[in-house]
Amino acid sequence: MFRNDVYAELNRRGFIQQVTEPEKLQQLLQAGPVTYYVGIDPTADSLHVGHLMAIMGMMQMQRYGHRPIAIIGSGTAMVGDPSGKTEMRQMLSREQIVANSRKIKTQLQRYLDFSDGKALMVDNYDWLGTLNYIDFLRDIGRYFSVNRMLTYEAYKQRLERGLSFIEFNYQLLQAYDFLMLYKRYGCRLQMGGDDQWANILAGVDLIRRIEEQDAFCLTFPLLTTASGQKMGKTVSGAVWLDADKFSPYDYYQYWVNSDDRDVARFLAFFTLLPMEEIEAVKCMQGAELNAAKAILAFEATKLTHGEAAAQEAMAAASAAFGGRALPADLLASSSAPRGQVKGDDAAVPFSVMTMAEIARAPRLVDVLAELKLVGSKGDARRLIQGGGVYLNQGRVDDINLCLAAEQVQEGRIVLRLGKKRHHHLLVQ
RNA sequence: GGAGAGGUACCCGAGUGGCCAAAGGGAACAGACUGUAAAUCUGUCAGCUUACGCUUUCGGAGGUUCGAAUCCUCCCCUCUCCA
């Protein structure tokens, strides 16, 4: 089960942005299973694509036999990390945080194996919640130099806009987390986004000073898309990992729409396909690269929503955009269906209407607005005037068009906004 | 507490009494071209309206005026310098 070359693998796949003492850490990871941790803020009721890098990092490590601790930062979430933020964060109530944590835990189980203690999930509220202020100041606070903290880039930015004392303490709490995990579980490594570098170092330092032991920090690159956008933003907002908040079909679409320049990187980060196969993608272009995108989308969807959902999403994409046969030798380890995929649009987002509602001949603009497919009726009108609305494959050119029974084909009306947004009205 | 600067639409940012639903840029969306990519060109980008037009918007609340993002009063917030 244990394999000693995870560091090389992480490095090869591009996961390593910065690391403290690379040689020592490599030795440690080669010597045997290491307990490592990643912190996750329960600030929303679902994880999103922005978390995926860290999740995949944890997943890779676990596959090589190391033991992950996912720490739900429900204690620190009540403080709010100022890193990378220009404004003070909205603070959440305790109840909200607990509810969010619960959902996040379930989601993580899709990526990590928690059986037999192979992975742990802990909540830092367990120790932060009962912290005694005086003790904390005396035992932990003494190790932190304000002078030095003020020189950190993370705080510099905030100093210009204002930084409250509560936020200034975030770093101490995160360092304390690391210390506690070291003491309780022998955790030696903390991983996180590169914006966490300073916070993690604080923990490394604290362990060195108090325990006189080596601890390590490894940060992941902060991902932006090739066009410079933050990962995970779409028309409809964040790309959630929760199927109810963001459908597997849309999730698949998110990945298949990746920029050409991102495909190889994303395959390395967000799939478990072997690097030997991914390397080949780096020199692909055109149709071949496009097929690689489909496999990226399939694999990513499979990891998050399961094999069946990934197949459905792929079939739906095939129905909506025209299928293409995936060559058998392209990323051969992928379980994506090869050959011509039979189109099946069952996974395309839909809404249900009754025949009676259709018979009332509602105007298309009203329907679109009601279904929240557009921002407003005026928005819908402008979209139609610009030629961006299609009904049953035909372009709609009349802003006053009303729905009618004749439009129902095979029990539904097929709507499309622009080239990509498909929506079905199932008629009952 | 004192002195100064500032708060404009998703973001940046121009606008100092009517021609301002507010320049310009970015983002976003649509069309053309394509490969469900990128780049490019074109259009759209507060709400309601087929349209004429109406309603709401320039930190908040009042006021002056025929007319206010623009002038006055009070308040809130941010930044810089001083305490």
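Computed from a predicted structure; not experimentally measured. First the proteins, then the strands, lettered A, B, ... as listed; each starts at 1.
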Let me know the distance between CG of A:Leu417 and C1' of B:rA28, rounded to the nearest Å. 15 Å
Contact class for A:Ala320 vs. all strands (heavy atom < 4.0 Å): base, sugar-phosphate, or nothing? nothing
Any A:Arg421 side-chain N or O less than 4.0 Å from OP1/OP2 of B:rU36: no
With under 30° as parallel and over 60° as perpendicular, where do the rings of A:Phe270 and A:Trp255 fit, or are they tilted in between? tilted
For A:Tyr390 and B:rG31, is the shortest distance between a side-chain N/O and OP1 or OP2 below 4.0 Å? yes
With respect to the phosphate group of B:rG31, does any side-chain polar atom (N or O) of A:Lys419 fall under 4.0 Å of OP1 or OP2? yes
As its Watson-Crick or G-U partner within any shown strand, both distances under 3.5 Å, B:rU44 has B:rA28
With RNA chain B as reference, determine whether A:Gly286 or A:Gly418 sits nearer its 5' end, using the nearest nucleotide of each. A:Gly418
Please tabulate, one pair per line, each protein N/O and nucleotide N/O from nucleotides 48-52 of chain B that are separated by under 3.5 Å, including the distance.
from: B:rC48; atom 1: OP1; to: A:Lys377; atom 2: N; distance (Å): 3.2
from: B:rC48; atom 1: OP2; to: A:Ser376; atom 2: OG; distance (Å): 3.1
from: B:rC48; atom 1: OP2; to: A:Gly378; atom 2: N; distance (Å): 3.2
from: B:rU49; atom 1: OP1; to: A:Lys377; atom 2: NZ; distance (Å): 3.4
from: B:rU49; atom 1: OP2; to: A:Arg381; atom 2: NH1; distance (Å): 3.4
from: B:rU49; atom 1: OP2; to: A:Arg381; atom 2: NH2; distance (Å): 3.2
from: B:rU50; atom 1: OP2; to: A:Arg363; atom 2: NH1; distance (Å): 3.2
from: B:rU50; atom 1: OP2; to: A:Arg381; atom 2: NH2; distance (Å): 2.9

Could you tell me which nucleotide pairs with B:rA23 by Watson-Crick or G-U wobble geometry, both distances under 3.5 Å, or answer none if nothing does? none
Are any non-hydrogen side-chain atoms of A:Phe144 and A:Leu206 less than 4.5 angstrom apart? yes
Atom NE2 of A:His423 and atom P of B:rU36: how far apart are they, to the nearest Å? 23 Å
Would you say A:Arg395 reaches B:rA32's phosphate, i.e. side-chain N/O to OP1/OP2 under 4.0 Å? yes
Any Lys/Arg nitrogen of A:Arg12 or A:Glu276 sitting under 4.0 Å from an Asp/Glu carboxylate oxygen of the other? yes
Do A:Val19 and A:Tyr7 come close enough that some side-chain heavy atom pair is under 4.5 Å? yes
With a 4.0 Å cut-off, would you call A:Glu279 and A:Lys282 a salt bridge? yes
Rounding to an integer number of Å, can you tell me how far A:Leu289 CG sits from B:rA37 P? 12 Å
Watson-Crick or G-U wobble partner for B:rA38, using a 3.5 Å limit on both distances? none
Need the pair for B:rG1. Rule: Watson-Crick or G-U wobble, both distances under 3.5 Å, any strand; none if unpaired. B:rC82
Name the residue closer to the 5' end of RNA chain B, choosing between A:Gly387 and A:Met314 according to the nucleotide with the nearest heavy atom. A:Gly387
Taking pairing as Watson-Crick or G-U wobble with both contacts under 3.5 Å, can you name the mate of B:rG6, or confirm there isn't one? B:rC77
Table of protein N/O atoms under 3.5 Å from nucleotides 55-57 of chain B N/O atoms:
none

Nucleotide opposite B:rU64 in a Watson-Crick or G-U pair, distances under 3.5 Å: none
So does A:Asp205 pair up with A:Arg148, basic N to acidic O under 4.0 Å? yes
